[in-house]
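This report concerns only the one structure given below.
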Amino acid sequence: MEKIREIYRETDWEKIGVASYYGFFAINILMKAFAYDHGDNIYRYFFVFGMFFLAVKLVTTRYTLREIIWAGILIGVAVPLSVITKSNTWLLLFLTIVGMKNCSYQNLIRIAVYIRVLCICVLVLGSTFGVYDIGYKTTPDTHYVEIPVYSFALGEPNYAFLTVFLTLMLLLYYNYERLNRWWFLGTTAVVFVFYELTFCRTGIAVFFFCWSLIIFDKIVKNKKIKAVLAMSIPVGALFSFATMVVYNGGNPLMKRLNHYVSGRIYIMSSYYNDQGLALYPRTQESFYASYYGLIDNSYMFVLLYCGWIVALFFFALLCLLLYKLYRMERYKDLVMLATLALYGVLEQFVMNGFMNPFILLGAALLYPGILAEHPAAKEEESRCRALKA
């Protein structure tokens, strides 16, 4: 018994907890990379293992009183939201953020990069050689001519392109200091190949938007001008709200804008006119009485389902995060958040921390230490700056 106590005292439980958290993160990234969700048995099994690893991290971590209070607030918001909306997205997101103490965000990105690159290679090569269903179908192009598209075992062609897009975003972020024209040409070639195979117009537009922000960051040296990078989420939210409220199908400009986003504005406006806005979260059933389609806009999805109180709380935290990153001159983080802020106007997935790991930067509000760069990354950045000088 004394030997057991000695082993317990000498064990570095916090390191075990950090390793467990990386396991939790890797499992969830793996499941999303292969497009598994809660409806798949394999996802349920891996999810149990992942939550066990997260539990180990939570019980082996020493939190300050401030961190405990904030964790309580986040979980206190997430649990009722999950019960009312019947979605675990909020609870899993906030639990993931709470568990990030003592972890390195750079290590999380490294894990995500390796797993996603490996998975996309397995899926594409496996589909090409018949191991998986390549998912052949046809879809009308801009001239209403049926063209072949492929989903590469991921269910839908758009999801296949999204998987490639997210993988490229992680690669660009991880290698941000080394980005040059060759990176641009290489990633552009990959994007055009998968655009031809999936015909995903949204994804390719957001990809070039990302590169325009990267070029802007590399060229512009004035910090005040770079402040525009910190306005992405407020601008996306205000644009989404304004178009939802003032939408008029008879207006030629609004009609064309709605066409460009595949009817998303009409859907949001229809829910707004029928259901209005509430202070508190509402159940999904309340929207089924007048069903117009999926609300493929993260900002208005949060506002319509979760109400003003939760939406303002959530957006206030995000704006505080943008301001903090701007003060720290973390422009590469702001570039990625701005890119996904645009995608948030068109999709819901940006709320998922394993589809969009950049939303996990929110943990920096609780634990600033997670942004400490890996020594190798610092050395590479210093070398690049020295070469430029």
task: Search all heavy atoms of T243 against all heavy atoms of S240 and return the closest pair with its distance.
output: OG1-O, 3.0 Å

message: Surrounding CZ of F52 (heavy atoms of other residues, nucleotides or ligands, distance under 6.0 Å), is the total greater than 12?
response: no

field: Candidate list V350, L304, I233, test side-chain contact (heavy atoms from CB on, under 4.5 Å), partner Y299, passing option
entry: I233

message: What I want to find out is whether K101 reaches E14 closely enough, with some N-O distance under 4.0 Å, to be called a salt bridge.
response: no

message: Could you measure the distance from the CZ atom of F354 to the CD1 atom of I27? Nearest 0.5 Å is fine.
response: 10.0 Å

Value rounded to 0.5 Å, distance of CD1 in I111 from CG in L30: 12.0 Å

- prompt: Less than 4.5 Å apart, any side-chain heavy atom of C103 and any of Y22?
  reply: yes

- request: Would you check if the side chain of N222 reaches a backbone N or O of I225 as a donor-acceptor pair within less than 3.5 Å?
  value: yes

field: Trace of the side-chain contact (heavy atoms from CB on, under 4.5 Å) decision for F208 with F184
entry: CA-CA 10 Å; F208 284 111; F184 173 75; 4.3 Å; yes

- prompt: To the nearest 0.5 Å, what is the distance between CG (L371) and CG (L325)?
  reply: 6.5 Å

message: Under 6.0 Å between ring centres: does that hold for F46 and Y36?
response: no

- prompt: Does a salt bridge link D217 with K332, judged by any charged N lying under 4.0 Å from a carboxylate O?
  reply: no

Shortest non-hydrogen contact from R264 toward N258: N-OD1, 3.7 Å

- request: Please check if the distance between the ring centroids of F165 and Y343 is under 6.0 Å.
  value: yes

message: Within the supplied structure, the quantity of interest is the number of heavy atoms (other residues, nucleotides, ligands) at a distance under 6.0 Å from Y266 OH; does it exceed 12?
response: no

field: Pairwise side-chain contact, W183 with L168, heavy-atom cut-off 4.5 Å (strictly under)
entry: no

query: How far apart are the closest heavy atoms of L229 and S232, and which atoms are they?
result: O-OG, 3.7 Å

task: Quick one: closest heavy-atom pair of Y105 and P357, and the distance?
output: OH-O, 3.1 Å

message: Assess the residue pair Y326 and Y331 against the criterion (side-chain contact (heavy atoms from CB on, under 4.5 Å)); give the C-alpha distance rounded to whole Å, side-chain angles, the decisive distance to 0.1 Å, and a yes or no.
response: CA-CA 7 Å; Y326 171 68; Y331 300 123; 4.2 Å; yes

message: If you count every heavy atom of other residues, nucleotides or ligands that lies below 6.0 Å from R62 atom CZ, does the total exceed 12?
response: no

task: Report the distance from atom OG1 of T128 to atom CG of L123, rounding to the nearest 0.5 Å.
output: 10.0 Å

- request: State the CZ-CD1 distance between R44 and I42, to the nearest 0.5 angstrom.
  value: 12.0 Å

message: Let's go through N28 and F53 carefully: what are the C-alpha distance in whole Å and the side-chain angles of both, what is the deciding distance for side-chain contact (heavy atoms from CB on, under 4.5 Å) to 0.1 Å, and is it a yes or a no?
response: CA-CA 11 Å; N28 281 279; F53 288 141; over 6 Å; no

query: Take atom OH in Y323; do more than 12 heavy atoms of anything else shown fall under 6.0 Å from it?
result: no

- prompt: In this structure, are over 12 heavy atoms from other groups packed under 6.0 Å from Y292 atom OH?
  reply: yes

- request: Give me the ring orientation class for Y114 and Y174: parallel if the planes are under 30° apart, tilted from 30 to 60°, perpendicular past 60°.
  value: perpendicular

message: One pair to check against side-chain contact (heavy atoms from CB on, under 4.5 Å): I267 and L294. What are the steps and the verdict?
response: CA-CA 8 Å; I267 292 172; L294 294 176; over 6 Å; no

- prompt: Can you tell me how far CG of N297 sits from CD1 of I265, rounded to the nearest 0.5 angstrom?
  reply: 9.0 Å

field: Distance-only side-chain donor-acceptor flag, T187 / W211, under 3.5 Å
entry: yes

- request: Please work out whether the ring planes of W70 and F313 are parallel, tilted or perpendicular, with thresholds of 30° and 60°.
  value: parallel

query: Is there side-chain contact between M244 and Y271, with heavy atoms separated by less than 4.5 Å?
result: no

N/O donor-acceptor pair under 3.5 Å between T188 side chain and L185 backbone: no

- request: Indicate yes or no: at least one non-hydrogen side-chain atom of N273 is less than 4.5 angstrom from one of Y247.
  value: no

- request: Take atom NZ of K324 as the centre, draw a 6.0 Å sphere, and report whether it contains more than 12 heavy atoms from other residues, nucleotides or ligands.
  value: yes

query: Is the distance between the ring centroids of Y21 and F24 less than 6.0 Å?
result: yes

field: Which atom of L360 lies closest to which atom of G353, heavy atoms considered
entry: CD1-O, 3.6 Å

- request: Work out which heavy atom in T198 is nearest to a heavy atom in A160; give both atom names and the distance.
  value: CG2-CB, 4.2 Å

message: Please determine whether ring-ring contact (aromatic ring centres under 6.0 Å, His included) holds for the pair F358 and Y173, giving the CA-CA distance in whole Å, both sets of side-chain angles, and the decisive distance to 0.1 Å.
response: CA-CA 10 Å; F358 302 110; Y173 179 85; 5.3 Å; yes

